[in-house]
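Index from 1, following the sequence.
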Amino acid sequence: ADEPEWNGSVVFVTAHDAYALKAIKFSAMDYLLKPVDPEELVKAVRKVEQNSGNAQRLGVLVDHLQERERKLVIASSEGMHIVRIQDILRCESTSNYTQFFLRGGKKLLASRTLKEYESLLTPHHFERIHKSHLVNMDCVKRYVTSDGGYVILEDDSQVPVANRKKETLVARLKAL
């Protein structure tokens, strides 16, 4: 029988390592938790086969595991974009997509929800200050309490702050 040709794609199978799972999510690769469900394994393999750029994603994964400069792979309709986390000013929910606003005025529309990115970016100084907005706290220039409350980011964009998030925001700003 002919041996199948390996194309360099990887699916991770792990029991519980939360740090590795987070790094894998950053690099947009798939992973499975033990015990492995055969249907989930088939789905993961199909997903990897359909995606291109696995070598780039593997590089991002290695950077995360080795604690190098933090990057995020963002899948959009144009392909895979690798961005430095520090260059992300904010993320905004648009239905089941997430609009990224980057330094330099660049925007990317990602095909994943804001909730998924929130779990990845919160450990990197991001805060969900509104149901539709996740902001890089390192990019906040000012918090304005009038007009319902909003923050001004370094690109002078204004992002509303939900009433239930105001205390958390003030505490995070004081901790900077």
Side-chain angles (χ1 to χ4, degrees), residues 4-14 19-33 39-141 150-160:
E5 185 177 333
W6 184 67
N7 66 3
S9 299
V10 178
V11 174
F12 289 84
V13 179
T14 181
Y19 181 69
L21 287 178
K22 193 156 281 193
I24 291 162
K25 283 185 179 181
F26 267 99
S27 56
M29 292 179 156
D30 213 342
Y31 65 92
L32 301 172
L33 291 174
E39 287 182 20
E40 291 298 316
L41 178 58
V42 170
K43 284 183 195 173
V45 170
R46 284 187 182 144
K47 180 178 171 185
V48 170
E49 286 174 344
Q50 291 169 356
N51 288 329
S52 59
N54 285 320
Q56 287 180 319
R57 290 195 296 270
L58 192 56
V60 171
L61 171 63
V62 170
D63 285 350
H64 275 274
L65 292 175
Q66 294 181 349
E67 297 188 3
R68 293 183 187 156
E69 182 178 58
R70 299 289 190 219
K71 295 178 183 175
L72 178 66
V73 176
I74 301 172
S76 76
S77 60
E78 300 125 26
M80 309 300 288
H81 303 270
I82 300 172
V83 299
R84 296 183 316 166
I85 291 174
Q86 68 190 36
D87 290 339
I88 301 169
L89 298 173
R90 65 187 179 98
C91 307
E92 184 174 344
S93 173
T94 57
S95 187
N96 287 328
Y97 296 89
T98 300
Q99 180 78 60
F100 280 80
F101 295 83
L102 308 174
R103 286 192 165 115
K106 188 173 180 180
K107 295 180 189 176
L108 291 173
L109 185 63
S111 54
R112 291 166 72 182
T113 65
L114 186 61
K115 184 174 183 167
E116 291 178 77
Y117 288 113
E118 178 184 13
S119 67
L120 294 174
L121 294 172
T122 296
H124 300 280
H125 242 216
F126 282 73
E127 185 68 42
R128 184 99 175 242
I129 62 170
H130 185 277
K131 68 179 179 179
S132 301
H133 299 280
L134 180 67
V135 299
N136 183 342
M137 294 301 292
D138 292 333
C139 299
V140 174
K141 282 196 326 188
Y150 59 93
V151 294
I152 299 174
L153 302 180
E154 64 185 40
D155 66 346
D156 293 323
S157 61
Q158 296 180 9
V159 181

Next on the checklist: To the nearest 0.5 Å, what is the distance between CD on Gln86 and CG on Leu102?
Outcome noted: 12.0 Å

Checklist entry - Between CZ of Arg84 and CD1 of Ile82, what distance do you get to the nearest 0.5 Å? => result 13.0 Å

Checklist entry - Can you check whether Cys91's main-chain N or O pairs, donor with acceptor, with Gln99's side chain at less than 3.5 Å? => result no

Item to check | With His81 via ring pair (Phe, Tyr, Trp, His ring centres under 6.0 Å) - residues at least two apart | outcome: none

Item to check | With sequence neighbours excluded, residues passing side chain to side chain contact (heavy atoms under 4.5 Å, CB included) with Glu154 | outcome: Leu89, Arg103, Cys139, Lys141

Next on the checklist: Strictly distance-based, threshold 3.5 Å: is any side-chain N or O of Thr122 a donor or acceptor partner for the main-chain N or O of Ser119?
Outcome noted: no

Checklist entry - Going from CD on Glu116 to CG on Leu121, what distance comes out if it is rounded to the nearest 0.5 angstrom? => result 11.5 Å

Checklist entry - Quick one: CZ on Arg90 to CG on Asn136, what's the gap to the nearest 0.5 Å? => result 12.0 Å

Next on the checklist: For Tyr117 versus Ala75, what's the shortest heavy-atom pair and its separation?
Outcome noted: OH-N, 4.5 Å

Item to check | Check: Leu114 main-chain N/O paired with Thr98 side-chain donor or acceptor under 3.5 Å | outcome: yes

Next on the checklist: By the definition side chain to side chain contact (heavy atoms under 4.5 Å, CB included), identify the one residue from Leu109, Val83, Leu72 that meets it with Phe100.
Outcome noted: Leu72

Checklist entry - Near Tyr150 OH, under 6.0 Å, is it more than 12 heavy atoms from other residues, nucleotides or ligands? => result yes

Item to check | The single option from Leu120, Asp138, Ile88, Val135 passing side chain to side chain contact (heavy atoms under 4.5 Å, CB included) against Phe126 | outcome: Ile88

Checklist outcome for this item: So NE2 of His130 and CD of Glu92: to nearest 0.5 Å the spacing works out to 9.0 Å

Checklist entry - If you measure from NE2 on His133 to CZ on Arg128, what distance do you get to the nearest 0.5 Å? => result 10.0 Å

